[in-house]
Amino acid sequence: MSVTRSLTSHDCYDHYELKTYAKMFNCDGCKMKGFGERYICNLCGHELHKECRNPNPTMSHEYFPGSIFEFLNEPFTKMGGKNRKVFSKCCDACGKDICGFNYHCEIDNLDLHPCCRKLEKKLVIDGTIFDLVTKVSSKCGKCGKKKISRDEKFILGWSYISQCKKYHFHVYCITEMVHEAYMKHGDLALENIDLRELVRYNRNRSGGNTFFMMIKTFIKILLSALLGDPTMLASNVLVELFSRGMQQ
């Protein structure tokens, strides 16, 4: 059964081909940003993350024991101000709105983006171990808050925290860096992500160059996962970008 019939008048499923481009794209499935590898329909040009091209009908996640998620083609909406439809669900991992393809658990009222469900539970970067966690006691290294504050909502979301407890970053805040750069620079988003906020916030922390090298690699790996780019084509531009940010 095709999961893309709602996208076009023809059945895209048999016409998708896996291609790689070093530029951003808007996934026509989950409506989130992507980079690098993507499936492209040769007839209509629609693009999908690999996770959105090959979803599972149902899935479970170890962070939600006992919860069964069902894949849905369409997001949930409700009537907002001025009698306009607005998205009514947020991803329990990254905290951003569910605008397209998603995994939903009706019983427990949980929602995940297709790419977010695949986030690595543990990252080892230059000897520093980061754990993906659902509860935090420290403040995010970018926004300076424990909870995500957006649209008058306070969302916990998931975070990566180093086992040494020095470093903490909301998954949401990292995705926002991509979104802000995309709105300003379009396809050049990755080349224009401004990491100087992280530099300013952590200026007085110990570690010097070791800290910056570790954070540089961490951002690179996490963006690769969030953008559905397992080939990590973003690596070189992010390394160069971070170096430029340090020099300014």
Side-chain angles (χ1 to χ4, degrees), residues 32-33 35 61-65 90-98 110-113 115-182 189-190 192-229 232 234-235 238-239 241-243 245-246 248:
M32 300 289 283
K33 298 292 184 293
F35 185 87
H61 198 284
E62 64 183 86
Y63 284 9
F64 303 113
C90 295
C91 175
D92 286 284
C94 72
K96 298 186 75 66
D97 287 339
I98 298 286
L110 297 169
D111 304 271
L112 291 172
H113 288 122
C115 285
C116 288
R117 81 179 186 97
K118 285 290 190 176
L119 288 174
E120 293 290 337
K121 311 304 185 302
K122 191 180 297 291
L123 298 174
V124 182
I125 302 170
D126 293 338
T128 299
I129 301 174
F130 283 83
D131 293 313
L132 181 64
V133 301
T134 59
K135 296 181 180 180
V136 299
S137 58
S138 59
K139 295 179 180 179
C140 171
K142 181 180 187 298
C143 70
K145 300 177 181 179
K146 292 182 182 179
K147 293 184 178 181
I148 301 164
S149 178
R150 56 173 289 267
D151 302 330
E152 299 181 353
K153 300 176 183 177
F154 291 91
I155 305 164
L156 183 59
W158 294 355
S159 297
Y160 276 101
I161 300 182
S162 62
Q163 291 187 354
C164 65
K165 307 301 182 183
K166 291 183 179 180
Y167 316 119
H168 166 206
F169 297 101
H170 290 131
V171 172
Y172 174 86
C173 288
I174 302 303
T175 63
E176 277 296 283
M177 294 172 66
V178 177
H179 176 73
E180 291 166 5
Y182 185 82
L190 288 178
N192 289 278
I193 293 175
D194 190 352
L195 299 182
R196 285 176 293 178
E197 285 189 28
L198 298 183
V199 176
R200 287 196 298 269
Y201 181 82
N202 293 281
R203 182 172 292 167
N204 296 322
R205 291 185 178 249
S206 60
N209 291 334
T210 300
F211 164 78
F212 292 120
M213 290 297 293
M214 183 272 297
I215 293 300
K216 173 182 64 179
T217 307
F218 170 80
I219 297 295
K220 177 176 61 178
I221 293 174
L222 183 53
L223 281 180
S224 174
L226 290 170
L227 296 174
D229 177 29
M232 294 183 65
S235 300
L238 284 172
V239 170
L241 168 67
F242 195 93
S243 298
M246 286 291 293
Q248 295 178 1

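This structure is a prediction, so every number in the text was calculated from the model and none was measured.
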Enquirer: Which heavy atom of Ala93 sits nearest to which heavy atom of Val171, and what is that distance?
Expert: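 So the two residues come closest at O-CB, 4.2 Å.
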Enquirer: How long is the span from the NZ atom in Lys122 to the CG atom in Leu132, to the nearest 0.5 Å?
Expert: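 Spacing of NZ (Lys122) from CG (Leu132) equals 10.0 Å.
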Enquirer: Can a donor-acceptor pair be found, under 3.5 Å and without considering hydrogens, that links the side chain of His168 to the backbone of Gly141?
Expert: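 No, the answer is negative, given that no donor and acceptor are paired below the 3.5 Å cut-off.
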Enquirer: Of the non-hydrogen atoms in Leu110 and Asp92, which two are nearest, and what is the gap between them?
Expert: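 What the structure gives for the nearest pair is CA-OD2, 3.4 Å.
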Enquirer: Between Ser159 and His170, what is the shortest heavy-atom contact and its length?
Expert: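 Of all heavy-atom pairs spanning Ser159 and His170, the closest is OG-CD2, 3.2 Å.
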Enquirer: List the atom of Cys90, the atom of Asp111, and the distance in Å for their closest heavy-atom pair.
Expert: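 The answer is O-CB, 3.7 Å.
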Enquirer: Is the NZ atom of Lys135 crowded by more than 12 outside heavy atoms at less than 6.0 Å?
Expert: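 Atom NZ in Lys135 is not packed in, count stays at 12 or less.
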Enquirer: Can you tell me how the ring of His61 sits relative to the ring of Trp158, calling it parallel under 30°, perpendicular over 60° and tilted otherwise?
Expert: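 The arrangement is tilted - the two ring planes meet at 30° to 60°.
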Enquirer: Answer yes or no: is there a side-chain heavy-atom contact under 4.5 Å between Met32 and Cys115?
Expert: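 Side-chain contact under 4.5 Å: no.
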Enquirer: Given side chains that start at C-beta, do those of Tyr160 and Leu119 come closer than 4.5 Å, heavy atoms only?
Expert: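 A side-chain contact under 4.5 Å exists here.
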Enquirer: What heavy-atom pair brings Tyr63 and Val133 nearest, and what distance separates the two atoms?
Expert: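 Tyr63 and Val133 have their closest heavy atoms at OH-N, 4.5 Å.
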Enquirer: What heavy-atom pair brings Cys140 and Phe169 nearest, and what distance separates the two atoms?
Expert: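 The pair with the smallest heavy-atom distance is SG-CA, 3.8 Å.
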Enquirer: Please assess Lys139 against Lys146 for the test side-chain contact (heavy atoms from CB on, under 4.5 Å), listing each intermediate value before the final yes or no.
Expert: CA-CA 5 Å; Lys139 295 179 180 179; Lys146 292 182 182 179; 4.2 Å; yes
Enquirer: May I ask you to test the Phe130-Glu120 pair for a side-chain heavy-atom distance under 4.5 Å?
Expert: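 Phe130 vs Glu120: side chains apart.
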Enquirer: So how far is it from Gln163 CD to Ile129 CD1, rounded to the nearest 0.5 Å?
Expert: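 If I round to the nearest 0.5 Å, the distance is 4.0 Å.
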